[in-house]
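First up is the structure itself, then whatever we jot down about it.
Because the structure is a prediction, the values reported are computed rather than measured. Labels below follow one simple rule: chain letters A, B, ... track the order of the sequence lines, proteins then strands, and each chain is numbered from 1.
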Amino acid sequence: METPAKENLLEVKGLSLAFGPKDKPLFAVENLDLSLGAGEILGVVGESGCGKTLSALAVIGLLPPGCRIEAGSIRFLGQELSGLRGDGMRGLRGREIAMIFQEPATALNPVQTIGAQIVEPLLLHTAMTMKEARAEALSIMTKVGFAGVERLYGVYPHQLSGGMRQRAMIAMAIACKPRLIIADEPTTALDATIQAQILELLVRINRDYGMAILLISHDLGVVGGLCGRVAVMYAGSVVEEASTTELFRDPVHPYTKGLIASRPTKESKGRPLYSIPGAVPRLGHKPSGCPFMPRCGSAVPSCALERPDSLEVGPGHEARCPPEAEKRRRVDE
Amino acid sequence: MGAKRNPSLVAGLAIVGILTGVFILGFLFTPYDANLMDLSSRFLSPSAAHPFGTDNFGRDVLSRVMIGTRTAFLVGLLTVLIGGSAGLAIGATAGYSGGLVDEAAMRLMDAMMAFPGILLALVVVTVLGPGTGKLILALGLMFVPSFARIARGGFLQYRDREFVLSARSWGAGPVRIMALHILPNAASPMIVAASVGFANAVIAEASLSYLGIGVQPPDPSWGRMLSESQAFLFKAPWCTLAPAVAIALAVLGFNLLGDGIRAARKGGGQ
Ligand SMILES: Nc1ncnc2c1ncn2[C@@H]1O[C@H](COP(=O)(O)OP(=O)(O)OP(=O)(O)O)[C@@H](O)[C@H]1O
Ligand SMILES: [Mg+2]
């Protein structure tokens with residue numbers, strides 16, 4: 001068995017997630033590759049329905065009923081997670097991998113105090129006594145920006161604002177100092193100023209504790225600001241991955257170009273924003289060739305033939321668009 | 001919560017409170033020994049010495065009603081406890097796991113429900129023989145399906161909530177999730193059911209004791225007091241009236257309490 005010198009923290013390879021009957025699977029996620037090093041922040045961007053949440057749930061082993069892993073592997077610290085059941089996965093959840101949900105209003109238990117909810121993972125995964133766990137919870141609450149923690153420890157979620165609830169969710173997620181935090185659109189439910197504060201908090205956590213973060217968003221602007229690398233998803237696969245600077249400087253996939261063009265910038269102020277024509281194909285209505293082809297302005301006939309492969313277009317830069325990749329190669333030569 | 005906004009709760013609490021007071025007092029003090037016969041003072045009508053009069057053996061009716069409260073409460077409490085915990089365990093597991101487990105458990109509960117409850121209790125008591133302990137067991141068994149249904153509904157409703165997913169995401173196991181996360185959210189219909197169940201247990205105990213297969217003499221029970229006193233209903237109506245009013249009050253009180261709790265949980269939100 002080969003052991004790479006430095007295995008990545010998280011390696012998702014060829015992951016396909018499907019609904020429906022075994023002989024006629026409907027793929028919600030198809031051939032997904034993601035890799036994330038220790039202490040890194042990877043942004044995952046894509047439109048609603050492209051499979052971001054399902055991919056995240058697959059990593060933490062909580063796929064909804066009816067959804068299954070059709071193919072591929074999910075390796076965490078060199079350990080295969082995709083076949084792991086029951087206790088094995090449960091031991092990792094919260095301790096090594098934690099998740100922050102989009103909607104803190106519904107992801108917190110309405111009849112438990114904030115403090116009790118932060119203490120629970122500590123009691124479950126560490127040998128702490130109730131007293132120690134409480135002290136730890138208070139210090140985590142301070143860390144995530146609660147002022148007057150002694151009082152807020154005993155309040156219920158509905159007594160807090162949306163931003164504060166999300167801070168509480170983050171406190172729960174980081175309680176046991178996991179190596180990986182999956183943040184699924186952590187700021188989508190919040191208004192813009194609070195959004196910036198929460199993102200800043202995530203960056204601080206990443207810096208101070210070295211926790212890797214898989215930051216999922218449908219907003220390229222959110223992700224671009226804080227991630228070293230970005231993976232752009234479309235219809236269940238990663239269509240382009242590169243360092244953030246590279247991605248913005250030299251996008252290759254037409255979908256990425258469209259996303260970048262549709263971002264509000266200083267120059268575009270006052271003018272209508274560009275939007276990519278068409279919509280994401282629904283589950284079971286994906287074309288057999290490149291899923292983006294029906295919306296693509298630069299498609300060629302070969303695009304309709306088969307699922308495109310992901311090709312390297314530069315150092316650490318891959319795109320799932322053979323015609324565009326080919327163009328670059330010709331320019332380079 | 002004012003009396004105007006939730007009269008059921010206030011009235012229910014008041015009645016149950018008074019009965020609970022009598023129940024507790026019964027352990028410490030009764031005016032007379034409830035089983036002490038005094039043939040020289042048979043059929044005394046209510047007076048200062050005997051507020052509820054005396055019966056055919058010259059026993060003090062007030063003292064007997066007080067001890068009867070103890071019997072009724074004991075049977076009600078234990079019945080609800082047995083039926084409630086077994087029903088909760090079955091219903092929670094069924095609702096949370098769903099699928100085949102749910103189907104099997106709920107069909108079993110349906111089968112039990114299809115059997116008239118009091119008949120089921122009668123069969124159990126006939127097979128096992130009479131006695132307070134067996135009565136409690138029989139009534140507890142009879143209550144399992146209704147509690148199981150209510151519990152299943154609650155657990156089914158909450159198992160796909162995001163906070164349950166979130167609890168799973170930090171490693172909570174199924175038992176922990178059911179007990180610590182879903183139960184507190186799904187508890188109020190169970191509490192209402194317990195209160196109403198208590199009232200039903202009081203009726204059932206009285207019925208079975210009236211039929212002579214419940215609480216055995218000489219321990220006083222409201223139901224048996226009724227059956228014993230009907231022979232001299234016109235001669236000494238107080239002997240019948242006292243336990244009848246006690247039964248009616250207990251049933252009314254616990255039903256009102258149940259309604260009140262339901263209204264409070266609905267109106268007040270969390
Ligand atoms: N429980 C489910 N049953 C059936 N289909 C589902 C289920 N969950 C998700 N899907 C489908 O799988 C696809 C991917 O869903 P997913 O929730 O991962 O998207 P997403 O990228 O997270 O979108 P959003 O930005 O709206 O959160 C969608 O087409 C969705 O309709
Ligand atoms: Mg999502």
Relative to B:F27, does B:R70 satisfy both conditions: NZ or CZ under 6.0 angstrom from the six-membered ring centre, and within 45 degrees of the ring's axis?
yes
Engaged part of A:I60 at the chain B interface, taking heavy atoms whose separation is under 4.5 Å
side chain
Okay, A:I97 and chain B: the region with an atom under 4.5 Å from a heavy atom over there is backbone
Pick one of side chain, backbone, both or neither for B:R161, based on which atoms fall under 4.5 Å of a heavy atom in chain A.
neither
Measure distances from B:I182 to the heavy atoms of chain A and classify the residue's part below 4.5 Å as side chain, backbone, both or neither.
neither
Kindly say whether B:I191 contributes a backbone atom to a donor-acceptor pair with the side chain of B:S195 at under 3.5 angstrom?
no
Backbone N/O of A:G46 and side chain of A:K52: donor-acceptor pair under 3.5 Å:
yes
Can you tell whether the side chains of B:R107 and B:D102 come within less than 4.0 Å, N to carboxylate O?
no
Looking at A:R134 and A:E132, is any side-chain nitrogen of the basic one under 4.0 Å from a carboxylate oxygen of the acidic one?
no
What is the ring orientation for B:F23 with B:F73, classed by angle as parallel under 30°, tilted 30 to 60°, or perpendicular over 60°?
parallel
Counting only non-hydrogen atoms closer than 4.5 Å, can you tell me which residues of residues 172-180 of chain A sit against chain B?
A:M172
Of A:I194, A:L190, A:T187, A:L201, which meets side-chain contact (heavy atoms from CB on, under 4.5 Å) against A:Q166?
A:L190
After noting the C-alpha distance and the side-chain angles of A:E47 and A:H218, does the key distance pass the side chain to side chain donor-acceptor pair (under 3.5 Å) rule?
CA-CA 5 Å; A:E47 273 167 286; A:H218 61 254; over 6 Å; no
